[in-house]
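Sequence lines set the chain letters: A, B, ... in the order given, protein chains first and strands last, and positions in each chain run from 1.
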2 protein chains.
Amino acid sequence: MTNTELAEVESVADKPERQRLSAQDWEIAALELMAEEGVAAVAVESLARRLGVTKGSFYWHFSTRDALIEAALKRWEDTDNHNTIARAEQIENPTRRLRELFRQTSREMRSHKIYAALLKAADHPVVAPVMERVSNERIAYLARVFVQAGMQPVDADHRARLTYSTYVGFLQLALQFRASRLSSDAFDDYVGHVIDTLVPN
Amino acid sequence: MTNTELAEVESVADKPERQRLSAQDWEIAALELMAEEGVAAVAVESLARRLGVTKGSFYWHFSTRDALIEAALKRWEDTDNHNTIARAEQIENPTRRLRELFRQTSREMRSHKIYAALLKAADHPVVAPVMERVSNERIAYLARVFVQAGMQPVDADHRARLTYSTYVGFLQLALQFRASRLSSDAFDDYVGHVIDTLVPN
DNA sequence: TGCTGTCAATACGCTTGCGTATGGAGTGCG
DNA sequence: CGCACTCCATACGCAAGCGTATTGACAGCA
């Protein structure tokens, strides 16, 4: 672990073309590809080409393709993911926290693209448990905040589910149908409407 | 067309095992498989096995796999699909119509399963245009009803998008994560909450 | 009966993608 | 120097899936 960290630091210098890869490099590249072209596109040979090596390298780091997927998802869950909620937690007022959560969420694309890709691969045995865990955590978090914002527990559960469904649905509609994409202003208007409709008070 | 319709009528009789297949049979079987296991599972040989024949048969009816997908989706769009809106249209009061639309939609599973499968394959060149057409039609319809229910056009557009996102998101969350499925009663409660939140008045 | 059109079986070639086996190149270190 | 460890290339086997080519079975009809 200390070894890899040192390697990481050094790698910042000779970034452009470096010869020897670590498992991390494969995981990161896998997430990148996943965000762009979906889980199915994460193929060993394809990834290897991207990294300028061959599969001979891959199978030294990972025993199987699924092992890579699993490691990559773990990385995603640990980093991209926990940050989202942690950042929102800093705002005291729950109503304002929800507003900010929505606005923040409506910006940074990368993690969302990955989540969208995972949604489309929810039948994959490695992906399914991750998705279930992440989604349920988020819904539960939303429910807690709705309670803090003054809703009854039952209503808060429903509203959390409704809210999260809205998020998931939006990902599908927006990220897939690239044609009917909203302009930046129109999108802000839409988010405003969503907030007014779903956030109490 | 009259020929095929007659054939359809006759086929009801000798359903269990019939020797010679039509293009229709393949399309219907494809939709069935799609609903159960997704677009990717619609493979020529797999389908053939299901129908008790081999691919030799398939390639007589269709020139390619994509041709089958396309024909099957056309069938889905023409039948399963247009009925949904048509049925709702019979209710005068727009608010009640929305309520009923939600309730109806929350029942019949088959067409939803297909739509969910298509969502996960929205990058497929044959699937994409169908999805875009269907989704936009439905959103536009919702927007019209919201206007009839008294909303301002801009708000109605937003609310329609929000509502449809909720639907799409629900499909993902409910149909995929089979574990955390709601009981029938809890589901009715949830639909009630959704209606109260999204339908004006 | 024989012809023709319709549907189907079989065999083949091709591509993609996974996983294995094996040998080789570079580096650190004793 | 030479050994060992790490990372990588190459070559191979194998399965799934698409599409083609060819032949066969059966029905209707002249």
Side-chain angles (χ1 to χ4, degrees), chain A residues 1-8 10-11 13-14 17-30 33-34 37-72 121 123-127, chain B residues 1-4 6-8 10-11 13-15 17-30 33-34 37-72 121 123-127:
Chain A
M1 194 54 94
T2 10
N3 259 346
T4 47
E5 280 174 25
L6 285 176
E8 182 105 8
E10 288 172 9
S11 79
D14 50 332
E17 290 301 346
R18 133 216 206 167
Q19 287 79 4
R20 296 173 92 81
L21 303 172
S22 69
Q24 278 195 28
D25 297 318
W26 286 94
E27 294 168 15
I28 293 172
L33 221 178
M34 228 165 74
E37 306 181 42
V39 177
V42 180
V44 178
E45 273 128 327
S46 166
L47 253 187
R49 241 171 288 135
R50 266 189 169 218
L51 291 172
V53 293
T54 65
K55 11 189 277 185
S57 169
F58 175 85
Y59 283 101
W60 192 89
H61 295 286
F62 299 93
S63 64
T64 170
R65 173 182 179 263
D66 278 0
L68 168 67
I69 307 275
E70 196 164 2
D123 45 350
H124 187 117
V126 172
V127 174
Chain B
M1 193 54 95
T2 9
N3 260 346
T4 49
L6 284 175
E8 181 105 7
E10 287 172 9
S11 79
D14 50 332
K15 199 104 162 249
E17 289 302 345
R18 135 215 204 165
Q19 287 80 5
R20 295 173 94 82
L21 303 172
S22 69
Q24 278 195 28
D25 297 319
W26 286 95
E27 295 168 14
I28 292 171
L33 220 179
M34 229 164 74
E37 306 181 43
V39 177
V42 179
V44 177
E45 273 128 328
S46 166
L47 252 188
R49 241 171 288 135
R50 267 192 169 218
L51 291 171
V53 293
T54 66
K55 13 190 274 184
S57 168
F58 174 85
Y59 283 101
W60 193 89
H61 296 286
F62 299 92
S63 63
T64 170
R65 173 182 179 263
D66 278 0
L68 168 67
I69 307 275
E70 195 164 2
D123 46 349
H124 187 117
V126 173
V127 174

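- As a whole-Å value, the separation of A:R49 CZ from C:dC18 P is 10 Å.
- The phosphate of D:dT6 has neither OP1 nor OP2 within less than 4.0 Å of any side-chain N or O from A:H61.
- Considering all non-hydrogen atoms of both residues, A:V44 and A:R65 come closest at CG2-CB, 4.2 Å.
- Protein atom OH of A:Y59 is 12 Å distant from nucleotide atom P of C:dG17, rounded to whole Å.
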Atom pairs and distances, side-chain donor-acceptor, residues 45-63 of chain B, under 3.5 Å, sequence neighbours left out:
unit_1, atom_1, unit_2, atom_2, d
B:E45, OE2, B:K55, NZ, 3.3
B:R50, NH2, B:E36, OE1, 2.8
B:H61, NE2, B:L21, O, 3.2

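- Remark: P of C:dG17 and CZ of A:F58 are 14 Å apart, rounded to the nearest angstrom.
- The side chain of A:R20 has D:dC8 as its nearest neighbour among C:dT10, D:dC8, C:dC7.
- Of all non-hydrogen atoms in B:V42 and B:A30, the two that sit nearest each other are CG2-O, 3.8 Å.
- Of the residues in residues 63-72 of chain B, not one comes within less than 4.0 Å of DNA chain C through any heavy atom.
- Rounded to a whole Å, the CG atom of A:L51 is 13 Å from the C1' atom of D:dC7.
- Residue A:S57 is the one, among B:K55 and A:S57, whose nearest nucleotide of DNA chain D lies closer to the 5' end (criterion: closest heavy atom).
- Between A:D25 atom CG and D:dT6 atom P the separation is 17 Å, expressed in whole Å.
- Shortest non-hydrogen contact noted between A:A72 and A:E27 is CB-O, 3.9 Å.
- Here CG of A:D123 is found 9.5 Å from CD of B:E37. Values are rounded to the nearest 0.5 Å.
- Here the P atom of nucleotide D:dC7 and the CH2 atom of A:W60 are 4 Å apart, to the nearest Å.
- The CZ atom of A:R50 sits 18 Å away from the P atom of D:dC8 (whole-angstrom rounding).
- Between the P atom of C:dT6 and the CD atom of B:Q24 lies a distance of 17 Å, rounded to the nearest Å.
- Mapped onto DNA chain D by nearest heavy atom, A:T54 and B:E45 fall at different nucleotides, with A:T54 at the one closer to the 5' end.
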